[in-house]
Asks: 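Pasting a structure here, questions to come.
Counting begins at 1 with the first residue of the sequence.
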Amino acid sequence: GKYYLYMPNAFTPNGDGNNDIVAPIFKGAQKVTFRIWDRWGELVFECETQNCAWNGSFNGKPLDPGLFIWEAVIKYKKPSIVRYSGSITLIK
């Protein structure tokens, strides 16, 4: 369709050059807010640019493997704002 969002469900930030970062892939957005929380509800990543990606770290330190919750709030021309969410597994 005209608008879409794709987000992988796992990534491996281990420095091998494959799947070391995670980011939503979308089309047709005018503005994006992307957030990730750990299992205790602490916000570990946030950005408001269309070309941002998370490398699995928080405050400059790599996080342990686990499940994280993500949310992408995307402003399109029509409909105006769409909220997507899901989970992603950090694997090492």
Side-chain angles (χ1 to χ4, degrees):
K2 196 173 179 181
Y3 308 118
Y4 67 84
L5 179 123
Y6 168 75
M7 182 71 174
N9 60 8
F11 77 121
T12 57
N14 57 13
D16 69 356
N18 294 313
N19 300 313
D20 286 334
I21 59 172
V22 66
I25 300 168
F26 48 84
K27 177 181 176 185
Q30 292 183 321
K31 183 179 178 186
V32 176
T33 302
F34 180 49
R35 297 179 184 102
I36 298 176
W37 292 269
D38 66 15
R39 63 182 162 196
W40 297 280
E42 182 172 11
L43 184 66
V44 297
F45 181 78
E46 180 176 31
C47 72
E48 293 186 0
T49 64
Q50 292 194 21
N51 297 317
C52 66
W54 184 47
N55 64 2
S57 66
F58 179 57
N59 288 332
K61 297 179 182 176
L63 292 172
D64 290 331
L67 185 69
F68 295 82
I69 304 301
W70 64 267
E71 175 187 63
V73 180
I74 301 181
K75 181 178 180 187
Y76 297 108
K77 288 183 182 179
K78 291 184 181 179
S80 58
I81 296 176
V82 178
R83 185 177 308 267
Y84 301 92
S85 62
S87 62
I88 184 149
T89 303
L90 187 156
I91 302 168
K92 288 194 178 180

Asks: NZ of K27 to CD1 of I74: how many Å apart, nearest 0.5 Å?
Replies: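 Interatomic distance, K27 NZ to I74 CD1, rounded to 0.5 Å: 13.5 Å.
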
Asks: Please confirm whether the backbone N or O of I21 pairs with a side-chain atom of N55, one donor and one acceptor, at under 3.5 Å?
Replies: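 No, the answer is negative, given that no donor and acceptor are paired below the 3.5 Å cut-off.
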
Asks: For N51, does the CG atom have more than 12 heavy-atom neighbours from other residues, nucleotides or ligands under 6.0 Å away?
Replies: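 At most 12 heavy atoms, drawn from other residues, nucleotides or ligands, come within 6.0 Å of this atom.
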
Asks: If only atom types and distance count, is the side chain of D38 paired as donor or acceptor with the main-chain N or O of F68 below 3.5 Å?
Replies: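 No; judged by distance alone, with no hydrogens or angles, the pair does not exist.
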
Asks: Write down the atom of D20, the atom of T12, and the distance for their closest heavy-atom approach.
Replies: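 In terms of heavy atoms, the two residues are closest at OD1-O, 2.9 Å.
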
Asks: Rounded to the nearest 0.5 Å, what's the gap from CH2 on W70 to CH2 on W37? Could you check?
Replies: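 Separation between the atoms: 10.5 Å.
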
Asks: Could you work out, with salt bridge (Lys or Arg N to Asp or Glu O under 4.0 Å) as the rule, every residue matching R39, not counting sequence neighbours?
Replies: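 Applying salt bridge (Lys or Arg N to Asp or Glu O under 4.0 Å) to R39 gives none.
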
Asks: Examine I69 and L5 and state if one hydrophobic cluster contains both, with Ile, Leu, Val, Met, Phe, Trp and Tyr joined whenever side-chain heavy atoms are less than 4.5 Å apart.
Replies: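 They do not share one cluster, since no chain of ILVMFWY contacts under 4.5 Å joins I69 to L5.
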
Asks: Once rounded to the nearest 0.5 Å, what's the spacing between atom CG of L43 and atom CD1 of I36?
Replies: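 L43 atom CG to I36 atom CD1 measures 9.0 Å (nearest 0.5 Å).
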
Asks: Treat each ILVMFWY residue as a node, draw an edge where side-chain heavy atoms are under 4.5 Å apart, and state whether F34 and F58 are in one component.
Replies: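 Both belong to a single hydrophobic cluster.
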
Asks: Return all side-chain donor-acceptor pairs below 3.5 angstrom for residues 83-92, not counting sequence neighbours, or 'none' if the list is empty.
Replies:
residue, atom, partner, partner atom, Å
R83, NH1, E71, OE2, 2.9
Y84, OH, Y76, OH, 3.1
K92, NZ, L63, O, 3.1

Asks: Which of parallel (below 30°), tilted (30 to 60°) and perpendicular (above 60°) describes W54 and F45?
Replies: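 W54 vs F45 ring planes: tilted.
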
Asks: Mind listing the closest non-hydrogen atom pair of R35 and E46 along with its distance?
Replies: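 Between these two residues, the closest heavy atoms are NE-OE2, 2.8 Å.
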
Asks: So how far is it from M7 CE to I25 CD1, rounded to the nearest 0.5 Å?
Replies: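 Answer for the CE-CD1 pair, M7 versus I25, is 9.0 Å.
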
Asks: Which pair of non-hydrogen atoms, one from G56 and one from P13, has the smallest distance, and what is that distance?
Replies: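 Residues G56 and P13, closest heavy atoms: CA-CG, 4.3 Å.
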
